[in-house]
Amino acid sequence: MTNFSEVLTNENNFSNISAKDNVFDTIVIGGGHAGVEAALATARKGHKTLLLTLSLDAIAFMACNPSIGGTAKGHLVREIDALGGEMGLNADRTALQLRMLNLGKGPAVHSLRGQADKIAYHHSMKNVIENEKNITILQSEASEILTRGGIVTGVKTTLGSIYYAPTVIVATGVYLDSDIIIGEWRDYTGPSGFKRATHLTKSILSLDIPVRRFKTGTPARVDKNSLDLSKMTVQNGDDKIYPFSFMTDGYIENKCPCYLTYTNEKTHKIITDNIHRSPLYNGSIKSTGPRYCPSIEDKVMRFADKSRHQLFIEPESLLTNEMYVQGMSSSMPHDVQLLMYRSVEGMENVKIMRYAYAIEYDCIDSLSLLPTLSAKHIKGLYFAGQVNGSSGYEEAAAQGLMAGINAALYLEGSEPFVLGRDEAYIGVLIDDLVTKGTNEPYRMMTARAEYRLNLRQENADVRLTPKGYGIGLVTEERYSRYLKRKNAIEDIESKLSRSISPKEYGALFTAKGENIPTNGLTYEDMLKRSNITAGDLTEYFDELSSLDKRAFAEVETRIKYKGYLDKQNANIKEFKKLEERLLPDDFDYLSLEGLRLEARQKLDKIRPRSLGQASRISGVSPADITVLMICLFKMKGD
């Protein structure tokens with residue numbers, strides 16, 4: 001990087017830096033789920049990386065729910081894994097139980113969720129980071145992002161140390177000027193008692209990057225020994241389901257259950273009687289909270305017709321008695337919390353070990369970013385995770401991985417790596433953030449993905465591993481596994497084209513209540529029938545009995561949903577026509593005649609990379625896209 005070299009040459013104290021210890025290729029600020037994926041991506045691509053964290057004890061720490069995956073989030077984890085990320089592997093290493101959600105629905109929305117050992121997850125990921133040869137870890141607070149002439153040059157810490165790098169990835173999570181709120185009590189700290197970052201917001205603002213204030217929260221942790229679990233419904237994990245990572249062999253052992261109970265009318269009365277003491281309702285909290293993960297007081301007030309709400313009692317770790325009360329997030333005063341929790345069946349004598357709290361924090365306006373997650377007007381500066389206004393470990397990790405990949409490609413002088421909405425949930429996530437923006441903590445959902453039938457969690461490796469291999473992040477071992485699976489799928493598809501007689505398949509059809517045709521059928525024809533499954537074929541026909549079951553399940557989905565997939569692929573083809581119409585970086589939207597004023601201003605602010613992205617900007621109409629298209633035709637002589 002020529003400009004960066006000039007910066008180092010001009011630094012007066014640079015010659016005094018012993019062995020250039022303070023010079024890196026990338027500096028990652030933050031050691032949470034975004035930070036660790038970003039650091040691993042740049043380091044595994046061969047770049048010297050400094051990971052700055054407020055606390056070594058907070059690396060990959062689960063400050064909220066002790067779980068990985070869930071609806072749509074499971075898709076993200078599989079995609080991170082398919083690209084060569086670490087979250088799926090770490091979730092498998094530390095899983096307490098796995099469950100496949102939405103099995104009563106179609107395969108597009110099947111999502112894996114894993115209850116993780118919170119303590120083990122942190123230690124396992126910290127061990128991975130510590131043993132990555134290109135990563136240096138330092139417990140220190142970043143106070144300033146250094147730039148010169150529109151390029152990033154490094155980071156200054158509160159101790160006064162300066163570390164130089166041509167790329168910086170900001171992955172600060174919810175730690176920027178964060179406040180913890182429990183009723184009338186407020187503490188100026190980060191989540192779970194960790195210190196907050198008190199200086200970096202000012203530096204971000206000085207770079208003309210807008211900052212806003214968001215809020216999230218977490219429920220109490222309670223002592224397992226104080227619960228009457230016999231009054232609750234046991235929630236065991238599923239047996240023999242495939243884990244998160246395509247690199248993990250076999251199945252994950254279910255080590256312990258979760259439990260289900262409910263709030264009741266007494267719980268709700270305690271909340272309504274004390275709602276004036278809730279910071280959410282008395283004006284103490286002014287920031288925007290997550291719509292899709294409301295506090296218990298929000299649920300009770302907004303859904304007054306409901307007589308009860310589900311609560312899942314989940315283990316935090318095998319090494320502690322702390323249990324997480326999912327569904328009862330709150331910022332109520334501590335005395336009210338105790339009454340609330342003790343009103344729940346099975347929790348009549350509960351002992352709270354950590355009170356529930358709300359947390360307010362600074363984050364940036366994600367419309368300030370390009371689809372690469374780099375700042376629009378500062379080269380080499382990237383943002384990833386909750387600092388971009390998203391919520392959730394999985395959303396953070398996905399952004400961290402993509403920011404790390406793009407920082408590495410920038411260092412190498414290579415083309416950036418951007419996933420489309422038709423290619424991955426990660427593409428949907430990032431496109432939503434940088435094109436539509438968010439006015440509340442953003443959560444990934446299957447409904448956000450227009451092409452979700454193509455973006456199944458089970459085919460994440462088929463979709464993305466070749467891309468990860470092409471950019472140099474996927475290992476040879478992972479790629480060889482992908483090739484083996486790809487070959488298995490192709491082999492199964494060829495075998496299913498064989499036709500057999502009614503005499504051969506008659507017993508199966510009779511057992512499944514299917515009418516027996518008079519003509520021969522291929523195995524593929526049989527699978528098109530709603531009552532016939534891949535498992536049935538392997539059971540009834542010897543020549544199919546030894547086929548790879550996971551690969552066969554993928555083929556079965558392709559066959560049963562072929563009509564829908566064909567329609568979706570046709571839609572994708574039309575979608576790509578607009579995506580492939582790239583817009584010039586220096587396009588003068590403000591002076592373009594024919595565009596409405598709102599469209600000019602929005603286009604100038606977001607500066608979309610394509611007509612497709614422009615069409616998804618709020619305030620840009622189809623008529624505006626037509627004007628842009630005509631302008632492009634004229635510019636290119638089409």
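Not measured: the values here are computed from a predicted model.
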Whether [X] side chain and [Y] backbone form a donor-acceptor pair below 3.5 Å:
{"X": "Arg186", "Y": "Ser284", "answer": "yes"}
{"X": "Lys602", "Y": "Ser618", "answer": "yes"}
{"X": "Glu423", "Y": "Leu419", "answer": "no"}
{"X": "Lys299", "Y": "Met328", "answer": "no"}
{"X": "Ser178", "Y": "Thr189", "answer": "yes"}

Salt bridge present between [X] and [Y] (N-O < 4.0 angstrom):
{"X": "Glu322", "Y": "Lys118", "answer": "no"}
{"X": "Arg443", "Y": "Glu394", "answer": "no"}
{"X": "Lys45", "Y": "Glu412", "answer": "yes"}
{"X": "Arg291", "Y": "Glu440", "answer": "yes"}
{"X": "Asp179", "Y": "Arg196", "answer": "yes"}
{"X": "Glu579", "Y": "Arg616", "answer": "yes"}
{"X": "Arg213", "Y": "Asp177", "answer": "no"}

### Message
Is the terminal nitrogen or CZ of Arg421 (NZ for Lys, CZ for Arg) located under 6.0 angstrom from the six-membered ring centre of Phe575 and within 45° of that ring's axis?
### Response
no
### Query
For the residue pair Phe312 and Tyr324, is the inter-centroid distance of their aromatic rings smaller than 6.0 Å?
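Ring-ring flag for Phe312/Tyr324: false, centres at least 6.0 Å apart.
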### Query
How are the rings of Phe61 and His122 set to each other: parallel, tilted or perpendicular (split at 30° and 60°)?
perpendicular
### Leu56 side chain near Lys126 side chain, heavy-atom distance below 4.5 Å
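Sidechains of Lys126 and Leu56: in contact.
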### Message
Would you say that Leu311 contacts Gln326 through its side chain, given a criterion of any heavy-atom pair below 4.5 Å between the two side chains?
### Response
no
#### Entry: Between Glu314 and Ser67, a side-chain donor and acceptor under 3.5 Å
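The answer is no; no qualifying pair exists.
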### Task
Examine the side chains of Glu580 and Ser610 and answer whether a donor and an acceptor come within less than 3.5 Å of each other.
no
### Lys156 atom NZ, over 12 foreign heavy atoms within 6.0 Å
no
